[in-house]
Protein chains: 2
Amino acid sequence: KDMLVVGVAHDTNVAKVAILSVPDRPGVAYNIFSRLAVEGINVDMIVQTNKELNVTDMVFSTSRDDVVRVREIAEAVAQDLGAGDVLIDDTVAKISIVGAGMVSNPGVAARMFEALAEEDINIQVISTSEIKVSCLIAEEHIKRAAQALHRKFQLDAVKSMEA
Amino acid sequence: KDMLVVGVAHDTNVAKVAILSVPDRPGVAYNIFSRLAVEGINVDMIVQTNKELNVTDMVFSTSRDDVVRVREIAEAVAQDLGAGDVLIDDTVAKISIVGAGMVSNPGVAARMFEALAEEDINIQVISTSEIKVSCLIAEEHIKRAAQALHRKFQLDAVKSMEA
Ligand SMILES: C[C@@H](O)[C@H](N)C(=O)O
Ligand SMILES: C[C@@H](O)[C@H](N)C(=O)O
């Protein structure tokens, strides 16, 4: 039942994109991501929550190489949807722990967060799956973050892999 | 390079938990999830974004069976952190498409969102990985959602699996 963390992955070719205050109604996610897809933009993480309001923020990550085009597309979409600002941060990096059986081991994500907290690194975005916990952090911290995770999960540096 | 969607997974034993207005500073994610882990609470999705504010909302999903204890823990944590309300919605269900190679195929998530949009189903939470796109929707829509995804991705009903 134990989660086995087998590696730490990181990616610095990452930009965090937020379209603020998109309408929280059917069809909006489809609108945004079909328009990005049609332009050939690869989207990595899509992270969205909501509350009992009529709007929410849509956050996703793309390659830094696509930032200029993503901004164009996102601003056009935001205008059509009557959404708010488009915020793009190309100084973030993605760090992940990769393994198996995370759901049955509640402490694993907490341990990753502990490692980052001990380094005083702020976690900007979190997204999880059964085999991966991914965080966006400031790129300047990526080396320390990766080292801290290797120590926390007792992994050899050689197991680190490109995300 | 094509994303192959091999199945649709759904789970109705799901509760969506939001701790609103948690401080956006190092150590907060660790605080929340270590306290849940120590109580033996299995957390499935963790979904968090942020903006240039000092606070953000922490959203995660747990089993409905744990709702009473999760509320207790989350409210205690919220108090200690000086956070806002704890919102729990136990009328949500999780629906996912499962496959491979999603990052290299930008249209896959968009197609899932299209299927849900065509059914007029609102997407409350989105979380992605390379092999899975998961959404939280109202439980009342779960059957239609699963059927729509099977049709959209041309899967036999028999391939549907418990999340
Ligand atoms: C915000 C977005 O996800 C919207 N709720 C939709 O269903 O498309
Ligand atoms: C909100 C929470 O993720 C916080 N930013 C942390 O680093 O713990």
Side-chain angles (χ1 to χ4, degrees), chain A residues 16 18 20 24-52 57-60 87 103-135, chain B residues 16 18 20 24-52 57-60 87 103-135:
Chain A
K16 168 187 164 196
L20 303 185
D24 187 14
R25 58 173 156 79
V28 169
Y30 167 59
N31 192 324
I32 294 168
F33 292 99
S34 58
R35 286 165 75 164
L36 288 163
V38 128
E39 302 282 346
I41 302 293
N42 284 317
V43 170
D44 182 20
M45 300 164 80
I46 300 172
V47 189
Q48 180 222 304
T49 62
N50 75 341
K51 292 194 278 255
E52 294 293 305
D57 300 331
M58 184 65 76
V59 178
F60 56 97
L87 308 177
V103 172
S104 48
N105 194 328
V108 174
R111 279 179 79 196
M112 175 181 190
F113 304 151
E114 178 179 34
L116 298 175
E118 285 167 341
E119 293 292 321
D120 210 35
I121 294 170
N122 195 50
I123 301 166
Q124 302 182 27
V125 174
I126 302 170
S127 186
T128 59
S129 73
E130 286 84 345
I131 60 168
K132 201 170 188 180
V133 181
S134 292
C135 295
Chain B
K16 167 186 164 193
L20 304 185
D24 186 14
R25 56 171 157 74
V28 169
Y30 167 59
N31 192 323
I32 294 167
F33 293 99
S34 58
R35 285 165 75 165
L36 288 163
V38 126
E39 303 281 347
I41 302 292
N42 284 318
V43 170
D44 182 20
M45 301 163 79
I46 301 172
V47 189
Q48 179 222 307
T49 63
N50 75 341
K51 292 195 277 254
E52 294 295 307
D57 300 331
M58 184 64 77
V59 177
F60 56 98
L87 307 177
V103 172
S104 50
N105 194 329
V108 175
R111 279 179 80 196
M112 176 182 190
F113 304 151
E114 178 179 34
L116 298 175
E118 284 167 341
E119 294 292 320
D120 210 35
I121 294 170
N122 195 50
I123 301 166
Q124 302 183 24
V125 175
I126 302 171
S127 186
T128 58
S129 74
E130 287 85 345
I131 61 167
K132 201 170 190 180
V133 180
S134 292
C135 296

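Chain A is the first sequence line, chain B the second, and so forth, proteins listed ahead of strands; every chain is numbered from 1.
The most heavy-atom pairs under 4.5 Å with chain B, out of Asn122(A), Thr49(A), Val125(A), come from Asn122(A). Annotation: maximal heavy-atom pairing with chain A below 4.5 Å, among Glu114(B), Arg25(B), Glu119(B), occurs at Glu114(B). Residue with the most contacts toward chain A among Leu116(B), Thr128(B), Leu20(B), Leu87(B): Thr128(B) (heavy-atom pairs, distance under 4.5 Å). Heavy-atom pairs under 4.5 Å with chain B were tallied for Ser34(A), Gly40(A), Ala110(A), Ala117(A); the largest tally goes to Ala110(A). In terms of heavy-atom pairs under 4.5 Å with chain B, the best-connected choice from Val38(A), Leu36(A), Asp57(A) is Asp57(A).
In this structure, Asp120(B) and Pro26(A) have side chains that are in contact, with non-hydrogen atoms separated by less than 4.5 Å. The shortest side-chain heavy-atom distance between Ile131(B) and Ile131(A) falls under the 4.5 Å cut-off. For the pair Lys16(B) and Asn50(A), the minimum side-chain heavy-atom distance is below 4.5 Å. In this structure, Lys132(B) and Glu130(A) have side chains that are in contact, with non-hydrogen atoms separated by less than 4.5 Å.
Atom CG of Asp24(A) and atom CD1 of Ile123(B) lie 9.5 Å apart (nearest 0.5 Å). One distance of note links CE of Met45(B) with OG of Ser127(A); it measures 7.5 Å at 0.5 Å rounding. In this structure, the separation between OH on Tyr30(A) and CD on Glu118(B) is 7.0 Å, given to the nearest 0.5 Å.
Contact annotation for Met58(B): only side-chain heavy atoms (C-beta onward) come within less than 4.5 Å of a heavy atom of chain A. Heavy atoms closer than 4.5 Å to chain A are found nowhere in Ile32(B), neither backbone nor side chain. Of the two parts of Ala18(A), neither the backbone nor the side chain holds a non-hydrogen atom closer than 4.5 Å to a non-hydrogen atom of chain B.
Each of Val47(B), Ile126(B), Val133(B) was compared with Ile46(A) under the side-chain contact (heavy atoms from CB on, under 4.5 Å) criterion, and only Ile126(B) meets it.
Phe33(B) pairs by the ring pair (Phe, Tyr, Trp, His ring centres under 6.0 Å) definition with Phe113(A), Phe60(B), not counting sequence neighbours.
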